[in-house]
Number of protein chains: 2
Amino acid sequence: LEIKVNEKILSKNDQIALETARLLARKKILCLNMMSSPGSGKTSILEKAIPLLKARLRPGVLEGDVATQIDAQRIEKSGIPVVQITTDTFGGSCHLSAKMVADRIGDLPLDSLDLVIVENVGNLICPAGFQIGADLDVAVVSLTEGPEKPLKYPAIFQKSHLVIINKIDLAQALDVTPGEVADNVKKISPLMECLFVSAKTGEGIDRWVDWICQRVGQKKQME
Amino acid sequence: LEIKVNEKILSKNDQIALETARLLARKKILCLNMMSSPGSGKTSILEKAIPLLKARLRPGVLEGDVATQIDAQRIEKSGIPVVQITTDTFGGSCHLSAKMVADRIGDLPLDSLDLVIVENVGNLICPAGFQIGADLDVAVVSLTEGPEKPLKYPAIFQKSHLVIINKIDLAQALDVTPGEVADNVKKISPLMECLFVSAKTGEGIDRWVDWICQRVGQKKQME
């Protein structure tokens, strides 16, 4: 008797993530998972990007936070569909799980969306360990956190498909340049693309929007 | 038959934390547990505080990080004993556990110390859930993270005995005042003491040093 097992055995979390990924594939929706420390500027970047995205496609946002609806209320003002997941109903979980996303993603009007951006809980460590069914992971790190963060918290920078380096408007007020941060990202992930942006001034946001739109187009063309 | 159980049943982690607390009580060493997001400035605050602390007592530092010895190397330059715990040897753990601290605290020369400051892993969520045997918890939050962080990540702000609001030198470059952050801390913990500091300019660090020295004195006087 010979039993061949070629399938990787998935954790319960990864099984649910795979179901979400399949749902999004059927609906040809691109899904991004944004991860960063608290206060790196994920929501502010979204606030600047959404008007540009809205002009080109149909975005929706899934907000993850431990507590409060603050971020969803901020995104709501931009006039796109948004759903808030607060993990304090799950013991204050430090990351979004696949189940949290799967249970709530259907509250977005998926049939009229091209893009779902998931803003994960602010945490530079734990979200890296949990698939949620997104196509691409985007790490955000801000100049104010100091240049060595990619070295000290390598997992998210290894896992991501893009690193957004935010708050470049503060370079003069700080002793940190965007290039230093990018150099440290490349010590962890040599081929990583880094975008320099300022959610305050809007600088660089258009390039992230181009990056997204290109990938939404690719997903649309998939069988 | 009646069995009265008046002792709270402790988790394995809390049992080990209690052993560390007892060790530190015997040696009359005050232990602080510093917690914050990555990049809030824990290490920079220590770099500014240590010269002032050294003049008044005998401090040591236990550095917690996912990866690298960067922080321990920074503290070492101040000429006090420092031990680095890297959690990547524990699967990249997102917090220090009581066992990690218990296993390494003896690597500090405890018989010639009055104070051990534990710099926890940069994470505004998970460290709040794990006792390590410290006397007092100190949360650090920086202006650059935005004013609403205490509301969005309440557990650490509920648990702490002091909140240090750092990077006040950047108030003009940002749209955030220290008072706004303190107001949000007080929505979570109405009686919380907040100290406004700048690890860059040194402003306010002397008041934290006074706060520490007073409590080291109290611990010394305990039976």
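In this text the structure is predicted, and so the values were computed from the model without any measurement. Lettering of chains follows the sequences in order, A, B, ..., and the numbering in each one begins at 1.
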Bottom line for A:Pro38: the part with an atom under 4.5 Å from chain B's heavy atoms is both

Looking only at side-chain N and O atoms, does B:Gln84 offer a donor or acceptor that is under 3.5 Å from a partner on B:Asp71? no

Against chain B, work out which of A:Asp88, A:Leu124, A:Thr86, A:Leu151 has the most heavy-atom pairs shorter than 4.5 Å and name it. A:Leu151

A:Ala155, part contacting chain B, at a heavy-atom distance under 4.5 Å: neither

Can I get a per-line list of side-chain donor-acceptor pairs under 3.5 Å for residues 132-140 of chain B, giving both atom names and the distance, sequence neighbours left out?
{"unit_1": "B:Asp135", "atom_1": "OD1", "unit_2": "B:Lys219", "atom_2": "NZ", "d": "2.7"}
{"unit_1": "B:Asp135", "atom_1": "OD2", "unit_2": "B:Cys31", "atom_2": "N", "d": "2.7"}
{"unit_1": "B:Asp135", "atom_1": "OD2", "unit_2": "B:Lys219", "atom_2": "NZ", "d": "2.9"}
{"unit_1": "B:Asp137", "atom_1": "OD1", "unit_2": "B:Asn33", "atom_2": "ND2", "d": "3.0"}
{"unit_1": "B:Asp137", "atom_1": "OD2", "unit_2": "B:Lys159", "atom_2": "NZ", "d": "2.9"}

Rounded to the nearest 0.5 Å, the CD1 atom of B:Ile164 sits from the CH2 atom of B:Trp208 at a distance of 4.5 Å

From the list A:Asn123, A:Ile125, A:Asn120, side chain to side chain contact (heavy atoms under 4.5 Å, CB included) partner of A:Met35 resolves to A:Asn120

Do you see a donor-acceptor pair shorter than 3.5 Å between the side chains of B:Thr68 and A:Lys152? no

Under a 4.5 Å cutoff for heavy-atom pairs, which residue among B:Pro154, B:Gly122, B:Gly146, B:Cys126 has the most contacts with chain A? B:Gly122

For A:Lys149, is it the side chain, the backbone, both or neither that has a heavy atom under 4.5 Å from a heavy atom of chain B? side chain

Hydrogens and angles aside, do A:Ser78 and A:Glu47 bring a side-chain donor and acceptor to less than 3.5 Å of each other? no

Less than 4.5 Å to any heavy atom of chain B: does that hold for the side chain of A:Leu170, its backbone, both, or neither? side chain

Which of the residues B:Gly129, B:Cys94, B:Ser44 is involved in the greatest number of heavy-atom pairs with chain A at under 4.5 angstrom? B:Cys94

